[in-house]
*Asks:* 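Have a look at this one before I ask anything.
None of the values given here were measured: they were computed from a predicted structure.
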Protein chains: 2
Amino acid sequence: MQAAYLQTFPAQLTLIHEGDPADFLYVVVEGKVELFANSNGREATMAVVRPFGTFILAAVLKDAVYLMSARTTERAKLLLVPSEDIRKAFEKDDAFARAIVVELASCYRGVVKDQKDIKLRTSVERLANRLIRYDKDQGNSGLLELPYDKRTLASLLGMTPENLSRAFNTLKPYGVEVEGSKVRLTDMKSLLTLAKPNHLIDERTT
Amino acid sequence: MQAAYLQTFPAQLTLIHEGDPADFLYVVVEGKVELFANSNGREATMAVVRPFGTFILAAVLKDAVYLMSARTTERAKLLLVPSEDIRKAFEKDDAFARAIVVELASCYRGVVKDQKDIKLRTSVERLANRLIRYDKDQGNSGLLELPYDKRTLASLLGMTPENLSRAFNTLKPYGVEVEGSKVRLTDMKSLLTLAKPNHLIDERTT
DNA sequence: TGCATGGATTGATTTACATCAAGACTACGA
DNA sequence: TCGTAGTCTTGATGTAAATCAATCCATGCA
């Protein structure tokens, strides 16, 4: 940790580009970081990392290039640990190595769940389940705040901003009221009937 | 390894169901195993494991339930290692723990690449790139054999069998000739132009 | 106060893909 | 040799979502 940097970055700053060698492991201490990928002139958001998540762990361990690019969505405080140090600690410190494995296994299962989400659900179902998840995260009050702007949310859910807008309209009859970044869920029962949440997709802890 | 079972299974046998606790780690010794998932009455193939790949490693390490189901696509010989033993070895044997991490990191990067493939490409592009990959795996001869039946390939590529058929027709002008499970690539240059392969998606080793 | 800017929404249209419904081909067994 | 079942293919149609285009905001700023 001696050689690690704690640094603050402004919003919308690209931190790393896919294809670059993995020089640092990043830990989000404050703010949010969007992971995204490009190909063929197209772009897709892959994930958003919040405190205190890490990103680019697998690339660091394999001493490989990054598979995703990363940019801040808002002002963010990040810890940068030289990947050389991570690999050394990994060799020397058994407890560290095992802790790494648990983190990595969790990330892995997260991606698998994301893939099931995309392959097995329509975009409206994905949005419905996402809203239910955010509500749960924020205390089951039925009143939730979207954690990032709609453009980012749309890409994360694998749709265009236009379609997200329409998807919200589709959910109106199921008690979903949107006002800016605030969302009210007034008929959870019927929303659940539509969304059919599945703990093997939506549960993030296990 | 003392308690591991080496067993032969017939084709089309479901080995595990998603949601079940992870009792065994599986290693494919011979044949192929399809990993798939269900939700909402829909089904999707997530991956196909060949010798000598493992599956369900993350679930075993986390002592969690399986996220995917698995079935043999053909007669297969599998090694079943009790997950309890894996976790014990993981605790005691440092070299084993580190080897596990490398395998896990590779699997993780594989899923990320699959996700980029789905999010950034059309189905025809996915098929084109897949054919190029199989050709490379089989020695760049321009003559390749599809490793599983078209139904499975279709689901793996995220499309219906009907659409796979049509996608092959779309690729005909680009020198793709199909006959049963054999495919000839007679105009690699124009196929590459269409497919635009990207080593951050298609390269499987790094 | 007025005007630029970028996000969000809405409507019209196009495209990609799924679904439905027949056929065609293949392999296999009685 | 003829069913018969399974896989694959083809065509017609339907649906989900992308794209294109216009407008409607909010916000910041001179």
*Asks:* Nearest whole angstrom, please: distance from the P of C:dA18 to the CG of A:Leu120.
*Replies:*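 It is 13 Å, rounded to the nearest whole Å.
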*Asks:* What is the separation between atom CG on B:Leu127 and atom P on C:dA16, rounded to the nearest whole Å?
*Replies:*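 Going from CG in B:Leu127 over to P in C:dA16 covers 15 Å.
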*Asks:* Would you indicate which nucleotide in D:dT9, C:dC17, D:dT7 comes nearest to any side-chain atom of B:Arg151?
*Replies:*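 Among the listed nucleotides, the one closest to the side chain of B:Arg151 is D:dT7.
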*Asks:* Could you identify which residues of residues 160-176 of chain A place a heavy atom less than 4.0 Å from some atom of DNA chain C, listed by residue number, or say none?
*Replies:*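 A:Glu162, A:Ser165, A:Arg166, A:Asn169, in order of number.
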*Asks:* A:Phe52 versus A:Leu79: any side-chain heavy-atom pair under 4.5 Å?
*Replies:*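 No - every pair of side-chain heavy atoms lies 4.5 Å or more apart.
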*Asks:* Where along nucleotides 22-29 of chain C does protein come under 4.0 Å, by heavy atom, of base (B) or sugar-phosphate alone (S), with - for untouched nucleotides?
*Replies:* --------
*Asks:* May I have the distance from B:Ile118 (atom CD1) to D:dA17 (atom C1'), rounded to whole angstrom?
*Replies:*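 Nearest whole value for this atom pair: 16 Å.
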*Asks:* Atom CD of B:Gln12 and atom P of D:dT7: how far apart are they, to the nearest Å?
*Replies:*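 The distance from CD of B:Gln12 to P of D:dT7 comes to 8 Å, rounded to the nearest Å.
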*Asks:* Check the distance between D:dA16's C1' and A:Arg126's CZ and give it to me in whole angstrom.
*Replies:*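 It works out to 11 Å between those atoms.
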*Asks:* Going by distance alone, is a donor N or O of one side chain under 3.5 Å from an acceptor N or O of the other, for A:Thr45 and A:Glu34?
*Replies:*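 Distance-only check passes for A:Thr45 and A:Glu34.
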*Asks:* How far apart are the C-alpha atoms of A:Ser39 and B:Lys116, what are their side-chain angles, what is the distance that settles it, and do they pass the side chain to side chain donor-acceptor pair (under 3.5 Å) test?
*Replies:* CA-CA 8 Å; A:Ser39 190; B:Lys116 289 172 70 172; over 6 Å; no
*Asks:* Within the distance-only criterion (no hydrogens, no angle test), does the side chain of B:Thr72 pair as donor or acceptor with the backbone N or O of B:Gln12 below 3.5 angstrom?
*Replies:*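 Pair found, side chain donor or acceptor close to backbone of B:Gln12.
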*Asks:* Is a side-chain donor or acceptor of A:Arg98 paired with a backbone partner of B:Phe90 at a separation under 3.5 angstrom?
*Replies:*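 Checked: pair present.
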*Asks:* Between D:dT7 atom P and B:Asp149 atom CG, what is the distance in whole Å?
*Replies:*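 In whole Å, D:dT7 P lies 7 Å from B:Asp149 CG.
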*Asks:* Decide, yes or no, whether a salt bridge links B:Arg50 with B:Glu74 under the criterion of side-chain N to carboxylate O below 4.0 Å.
*Replies:*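 So B:Arg50 does not pair with B:Glu74 through a salt bridge.
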*Asks:* Would a distance-only check, ignoring hydrogens and angles, find a side-chain to backbone donor-acceptor pair under 3.5 Å from A:Arg75 to A:Gly31?
*Replies:*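 Between the backbone of A:Gly31 and the side chain of A:Arg75 there is no qualifying donor-acceptor contact (under 3.5 Å).
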*Asks:* Run the side-chain contact (heavy atoms from CB on, under 4.5 Å) test on B:Val49 and B:Leu35 for me, step by step, so that the C-alpha distance in whole Å, both residues' side-chain angles and the decisive distance to 0.1 Å come before the verdict.
*Replies:* CA-CA 8 Å; B:Val49 187; B:Leu35 304 181; 3.9 Å; yes
*Asks:* With DNA chain D as reference, determine whether A:Val124 or B:Lys150 sits nearer its 5' end, using the nearest nucleotide of each.
*Replies:*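 Whichever sits nearer the 5' end wins; that is B:Lys150.
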*Asks:* Please report, rounded to the nearest Å, how far the C1' atom of D:dT15 is from the CZ atom of A:Arg121.
*Replies:*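 The distance from CZ of A:Arg121 to C1' of D:dT15 comes to 20 Å, rounded to the nearest Å.
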*Asks:* If you apply the rule side-chain contact (heavy atoms from CB on, under 4.5 Å), what do you find for A:Thr14 with A:His17, and how did you get there?
*Replies:* CA-CA 7 Å; A:Thr14 298; A:His17 293 270; 3.8 Å; yes
*Asks:* I need the CG-C1' distance between B:Leu157 and C:dA18, as an integer number of Å.
*Replies:*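 B:Leu157 atom CG is separated from C:dA18 atom C1' by 16 Å.
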